[in-house]
Amino acid sequence: MRLWPAALLSLPLSVMLSGLLAAALPVPWASWLVLMLLLVVTLWMLLVALAALPQRGWPALAGLLAANGVALLLLQTTTLYGGGP
Amino acid sequence: MKADRLRRFIDLHAWAGMVSGLLLFVAFFAGAINVFHHELHHWQDRPAENATVLDADTFLERLTERFPQAAERLYFQPGNDPAAMWKQDGEWQTARVSHFGGDDGYLSRPGSELADFINELHYQLAIPGGAGLLNIGMILMGLVAALYGVALFSGLVIHWPKLGRELLALKHQGNLRRYWKNLHNLIGVVSLPFHLIMAITGAAMGLFTVVALLLGALVFGPQLQEVISKKTDVWPAMTTSGEPVTMALMADYLSAAEHEVPGLQVAWVEVRGFGDSDGWLDVAGTVPGYLGHHAHVVLDPTLKPLRVISPAQRDLNNASLSVVYALHFGDYGGLAVKLMYFLLGLLGCLLFVSGNILWCERRSDRAGPSRASALLLRLTLGVCVGVVAGVAVSFWVSKLGLYSPWADQVVWLERLVFWLVLVPLAGWSLRASPLRFCGQGLRVLPWLYLLIPVLSLVLDGARAWRDPDVLLINGVMLSLAGLLWLVRKHFRRRVRLAEPHPLWVGRVSDGHPIHKADAELES
């Protein structure tokens with residue numbers, strides 16, 4: 001069942017996508033932490049649902065893995081990590 | 001939508017719902033009762049026989065003298081019999097004004113913790129080890145809530161094109177499975193907004209630690225923990241100065257807070273450093289008329305306001321936190337909203353049971369008789385009947401225990417009996433015929449809940465109807481008995497009208513189809 005690997009790979013991706021949104025928005029990330037938490041869980045649910053849908057499982061999981069890598073690389077270009085609120 | 005894509009959505013909906021369904025049933029049933037958490041606290045108490053009434057200030061002085069650890073941090077709750085909660089050697093303790101006699105005597109009275117047990121059952125399945133940051137039960141429930149969100153999203157995609165038709169589709173049509181399906185769809189459609197709220201807020205609360213850890217590790221770095229504390233704590237934790245200060249009267253603190261936030265209804269006061277010049281008090285309560293109704297007024301010991309958080313003045317984090325809590329707990333619109341949450345919670349239970357039954361029957365019809373679907377059907381019935389019966393028996397022990405020679409053991413007895421009822425019933429359900437098990441369970445359950453208000457009436461006397469909180473809980477239990485009787489009546493009618501699915505009769509290992517015994521048909 002691909003639900004579990006999809007859930008495992010989608011969680012860090014939803015966290016990093018929310019981080020990228022925080023970097024893109026012109027407001028301090030610390031000012032909307034609670035909304036970010038809600039966004040992470042909602043995004044996670046949607047990603048799991050989308051990743052578990054395709055007929056063949058591995059392309060979706062490979063796509064999630066690649067998306068995690070890309071999101072991690074993109075985050076390195078921001079000043080969020082240790083950069084203050 | 002293409003047929004194969006629709007089928008995959010249906011499969012995803014079924015799998016996600018089936019994996020999370022049983023645990024969600026427990027959370028929703030306990031959650032429906034937990035809507036009345038505050039009232040249940042009053043219901044579970046045995047009224048004080050002690051006629052001496054101390055004022056709140058003398059109570060707090062005597063409490064902190066007797067228990068110095070309470071002076072570091074305590075929660076004071078005003079009311080007819082004011083209470084204080086504090087951590088004594090790592091364990092939360094509660095004392096009431098009525099515990100203190102006329103002299104300096106302190107009389108520790110046994111009490112029940114039924115409301116806390118129901119709450120723990122709701123958010124962590126009563127799995128022990130809830131004090132630390134890594135609360136296993138809470139994280140598990142957070143994961144279950146996320147799966148529930150996945151099931152909701154896929155269910156929404158499946159049913160969106162035919163929402164209108166399904167609203168009016170609850171017909172028997174001589175087919176029991178069609179009936180379950182229509183019931184499942186109707187409840188899902190009617191209560192979709194409620195379920196979306198519960199899934200998102202439940203997952204956010206349950207997985208807060210996990211998401212915060214990931215956000216810290218992947219996005220923001222170690223600074224995140226400090227930022228979260230700064231943004232969500234009402235005031236920084238204090239270090240004792242050692243310089244004593246005379247505390248003002250509690251009534252003055254409350255009126256100072258009401259002066260800062262007009263219309264504030266005080267729920268509790270957190271006191272940090274009682275009698276210390278660096279201490280502070282957080283007067284917390286609600287301001288009616290707002291969805292995010294929570295308010296805090298932080299005062300120093302000399303009544304000087306340090307911070308005000310109210311619907312009129314607060315930042316985005318506090319505003320969204322307040323809305324999340326209010327939407328999840330349903331405490332923003334008085335009794336009417338609470339009753340609505342109670343009913344929607346119970347409908348949610350029916351949604352999960354019908355979903356699991358549908359999955360089992362559908363799988364059995366498509367792939368032939370299977371041990372997995374037979375076992376899941378039996379486990380679903382066993383856990384559901386076991387949880388509903390176990391909670392009722394916990395209520396009995398809570399009420400009866402305080403009037404028995406084992407009053408000191410009530411706190412653990414009311415938890416123990418829940419498991420003593422649930423585990424054998426779940427075990428029995430695996431062996432018994434589902435039809436017979438369900439029929440017998442539904443025959444007994446209404447009586448279990450009917451007995452709760454009767455016990456309250458016998459043991460509490462006039463308090464059972466004169467105290468509004470006790471009356472409300474008794475009414476809730478009576479309505480639960482009535483609703484379970486309705487389910488029983490409906491179940492019996494369905495069994496009479498349509499032949500049950502073969503999964504509902506016989507043993508797991510029997511062939512397919514299974515011939516029903518006459519006794520089973522009658523039940």
Side-chain angles (χ1 to χ4, degrees), chain A residues 1-4 6-8 10-23 25 27-57 60 68-69 71-76 78-85, chain B residues 4-5 7-9 11-13 15-16 18-19 142-143 145-157 196 199-208 210-224 226-228 230-232 315-325:
Chain A
M1 186 59 197
R2 83 186 80 142
L3 196 62
W4 301 114
L8 202 67
S10 303
L11 181 57
L13 181 60
S14 58
V15 164
M16 287 189 283
L17 288 177
S18 302
L20 287 171
L21 182 67
L25 286 178
V27 288
W29 57 266
S31 67
W32 58 287
L33 270 174
V34 177
L35 290 181
M36 196 185 299
L37 175 67
L38 296 175
L39 178 67
V40 168
V41 293
T42 312
L43 210 53
W44 186 30
M45 291 168 188
L46 290 175
L47 284 173
V48 173
L50 290 176
L53 273 183
Q55 204 160 21
R56 286 189 304 163
N68 270 294
L72 194 61
L73 283 176
L74 283 174
L75 272 175
Q76 308 310 308
T78 70
T79 56
L80 288 176
Y81 198 92
Chain B
D4 63 328
R5 188 173 295 167
R7 198 170 56 248
R8 284 201 297 277
F9 266 110
D11 283 345
L12 175 66
H13 179 71
W15 271 100
M18 188 196 61
V19 170
L143 289 171
L147 272 180
Y148 164 41
V150 172
L152 277 180
F153 174 69
S154 47
L156 190 64
V157 174
L196 278 175
I200 293 173
T201 56
M205 286 190 229
L207 295 172
F208 173 78
V210 175
V211 174
L213 278 174
L214 281 172
L215 275 171
L218 295 170
V219 182
F220 299 115
Q223 58 173 334
L224 182 68
E226 196 185 321
V227 174
I228 289 176
K230 202 172 153 190
K231 291 291 173 185
T232 54
D315 59 19
L316 183 59
N317 280 318
N318 279 304
S320 32
L321 203 58
S322 180
V323 169
V324 165
Y325 276 117

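What you see is a predicted model; the values in this text were computed from it and never measured.
- Dense packing is recorded around CD of A:Q76, with more than 12 heavy atoms of other residues, nucleotides or ligands lying under 6.0 Å away.
- A:V40 touches chain B through its side chain: at least one heavy atom from C-beta onward sits under 4.5 Å away, while N, CA, C and O do not.
- The contact between B:I228 and chain A is made by backbone and side chain atoms together, counting heavy-atom distances below 4.5 Å.
- Proximity to chain A involves both the backbone and the side chain of B:N317, based on heavy atoms less than 4.5 angstrom apart.
- Note that OG1 of A:T42 is 9.0 Å distant from CG of A:L37, once rounded to the nearest 0.5 Å.
- Heavy atoms closer than 4.5 Å to chain A are found in the backbone of B:A145, but not in its side chain.
- Contacts of B:V19 with chain A are made by side-chain atoms alone, with heavy-atom separations under 4.5 Å and no backbone atom involved.
- Contacts between B:S154 and chain A at a heavy-atom distance below 4.5 Å are absent for every atom of the residue.
- By the 4.5 Å heavy-atom criterion applied to side chains, A:M36 and B:L215 are counted as neighbours.
- Here the side chain of B:H13 pairs a donor or acceptor atom with the backbone of B:A151 at under 3.5 angstrom.
- Under the 3.5 Å distance criterion, the side-chain polar atoms of B:S322 are left unmatched by any main-chain donor or acceptor of B:N318.
- Looking at B:F153, the atoms closer than 4.5 Å to chain A (heavy atoms on both sides) all sit in the side chain, from C-beta outward.
- A:W44 touches chain B through its side chain: at least one heavy atom from C-beta onward sits under 4.5 Å away, while N, CA, C and O do not.
- Inter-residue side-chain proximity for A:W32 and A:L25 is flagged as met; some heavy-atom pair is nearer than 4.5 Å.
- Considering only heavy atoms from C-beta on, A:L75 stays 4.5 Å or farther from A:Y81 through its side chain.
- In this structure, A:L38 CG and B:M205 CE are separated by 9.0 Å, a value rounded to the nearest 0.5 Å.
- Only the side chain of A:L72 comes within less than 4.5 Å of a heavy atom of chain B; its backbone N, CA, C and O stay farther away.
- For chain B, the option among A:A49, A:A23, A:A7 with the highest count of heavy-atom pairs below 4.5 Å is A:A49.
- Contact tally against chain A (heavy-atom pairs below 4.5 Å) for B:G142, B:A16, B:G149: the top residue is B:G149.
- Contact of A:V34 with chain B is made through backbone and side chain together, with heavy-atom distances under 4.5 Å.
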